[in-house]
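Here the structure comes first, spelled out in structure tokens, and everything after it is commentary.
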Amino acid sequence: MERVDRRTGDNLYPTELEVSFGDVELSLDVPAGVWNPTPHGLHLGNVLMTMDFSDERVLELGTGCGLHAIVLARRGARELLLTEIDQPTLDNAKHNLDKNGVTADVEYLVADWVHVDSEPFDTLVANPPFGKSGKRYRRYFIDSLILESHRLVRPGGRLVFVQSSMADIPRTIATLEENGMTVRVVAETDGPFRDYYFEDATYMKEMASIPGAYQIRDGVHYEQLIVLESTLPG
Ligand SMILES: C[S@@+](CC[C@H](N)C(=O)[O-])C[C@H]1O[C@@H](n2cnc3c(N)ncnc32)[C@H](O)[C@@H]1O
């Protein structure tokens, strides 16, 4: 498989990755057409590694190459439902889960984001599309995740996801609280813009109007990345 380190374009180029989350090392194959893990997903992986999912049924929307599912299984999840937009991406996730020795009970489902018909889960995990959401309303995947979590997650269960300051963190926290959830910022970090942000003039213009979307230090644009754990009312 081709080895490349490229941060431009559609982020769907093929690569092979060795990733460490805590003391767990993952070996991932990502073929062309599957989302390459970015700092957002890596941050979420690091945080999931510090959390306990013992004996839980966990739903991950948009699993991509499956990196978070591997961590969830290592952290005790008993049952996983992993969704994606198409079957080849799910096949890649299964390849990576098998390659990394996941033995939990895993179901793979092609589903359009929150359109999942199942008993409510203990926890819902996601790295929602935003910069490349393809939607005029860029927050579509974040807001629908929040609005539908009452159907997808059991009372007292959790919604855990990562987002950038570019997606307006105060707005997300307010929306979660308006929906009755208790919100905890589990971990935050920051990092330089992905090169492809600058290739999308509309995105850059939109971001300029979001308070606190980014900082410029020494001429470099930085976004903040946070993982939120929201608990549904019991
Ligand atoms: C930001 S990527 C995250 C992928 C992976 N979880 C990670 O962190 O590397 C978002 C994922 O959502 C998937 N996706 C996009 N639209 C979707 C939809 N309508 N339904 C389900 N998944 C979707 C994409 O294929 C992509 O893998």
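Note that the structure is predicted; figures quoted are calculated from it, not measured. Every heavy atom of this structure was used, including side-chain atoms; hydrogens, water molecules and symmetry mates were not. Read the numbers this way: they start at 1 and go in the same order the structure lists the ligands and their atoms.
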| Protein contact to atom 16 (N) of ligand 1 [nearest heavy atom, distance to 0.1 Å] | Ile85 CD1, 3.6 Å
| query | Does CG in Asp86 sit with more than 12 non-hydrogen atoms of other residues, nucleotides or ligands closer than 6.0 Å? | reply | yes
| task | For a side-chain contact (heavy atoms from CB on, under 4.5 Å) with Pro37, tell me which candidate from Leu26, Leu44, Val30 qualifies. | result | Val30
| query | Numbering the atoms of ligand 1 from 1, which are under 4.0 Å from a heavy atom of Pro37? | reply | 9 (O)
| task | List every atom of ligand 1 that sits less than 4.0 Å from any heavy atom of Glu60, numbering the atoms from 1 in the order shown and giving each element. | result | 6 (N)
| So which protein heavy atom does atom 20 (N) of ligand 1 come closest to, and at what separation? | Trp113 N, 2.8 Å
| Hey, does Asp112 sit under 4.0 Å from ligand 1 if you only count heavy atoms? | yes
| Do any heavy atoms of Thr63 fall under 4.0 Å from ligand 1? | yes
| task | Please report which non-hydrogen protein atom sits nearest to atom 15 (C) of ligand 1, along with the residue it belongs to and the distance in Å to one decimal place. | result | Pro129 CG, 3.8 Å
| So among Asp122, Val106, Asp105, which one has a side-chain contact (heavy atoms from CB on, under 4.5 Å) with Glu79? | Asp105
| Applying a strict 4.0 Å limit to heavy atoms, is Phe141 in contact with ligand 1? | yes
| query | By number and element, which atoms of ligand 1 are closer than 4.0 Å to a non-hydrogen atom of Trp35? | reply | 1 (C), 2 (S), 3 (C), 4 (C), 9 (O), 27 (O)
| Donor-acceptor under 3.5 Å (Thr175 side chain, Arg171 main chain) | yes
| Does Leu159 reach the side chain of Leu176, with side-chain heavy atoms less than 4.5 Å apart? | yes
| Which protein heavy atom lies closest to atom 1 (C) of ligand 1, and at what distance to 0.1 Å? | Asn127 O, 3.4 Å
| request: For the pair His95 and Asp29, evaluate side-chain hydrogen bond (donor to acceptor under 3.5 Å, both in side chains) and give the outcome as yes or no after the intermediate values. | output: CA-CA 8 Å; His95 164 83; Asp29 298 324; 2.6 Å; yes
| said: Parallel, tilted or perpendicular: which one describes the rings of Phe198 and His221, with boundaries at 30° and 60°? | reply: perpendicular
| said: Within the 4.0 Å heavy-atom shell around Gly41, which atoms of ligand 1 are there? | reply: 8 (O)
| Chi angles and distances behind the salt bridge (charged side-chain N to carboxylate O under 4.0 Å, His left out) call for Arg217, Asp190 | CA-CA 12 Å; Arg217 302 197 296 266; Asp190 68 5; 3.2 Å; yes
| Shortest protein heavy-atom distance from atom 21 (C) of ligand 1, along with the residue and atom involved | Ala111 O, 3.3 Å
| field | Residue among Arg78, Arg75, Arg158 satisfying salt bridge (charged side-chain N to carboxylate O under 4.0 Å, His left out) with Glu56 | value | Arg158
| query | Got the closest protein heavy atom to atom 4 (C) of ligand 1, with its distance? | reply | Gly62 O, 3.4 Å
| note | Residue, atom and distance of the protein heavy atom nearest atom 14 (N) of ligand 1 read Glu84 OE1, 4.0 Å
| So which protein heavy atom does atom 7 (C) of ligand 1 come closest to, and at what separation? | Leu67 CD2, 3.6 Å
| field | ligand 1-proximal atoms of His68, by part, heavy-atom distance under 4.0 Å | value | side chain
| said: Is the shortest side-chain heavy-atom distance between Tyr197 and Glu223 below 4.5 Å? | reply: yes
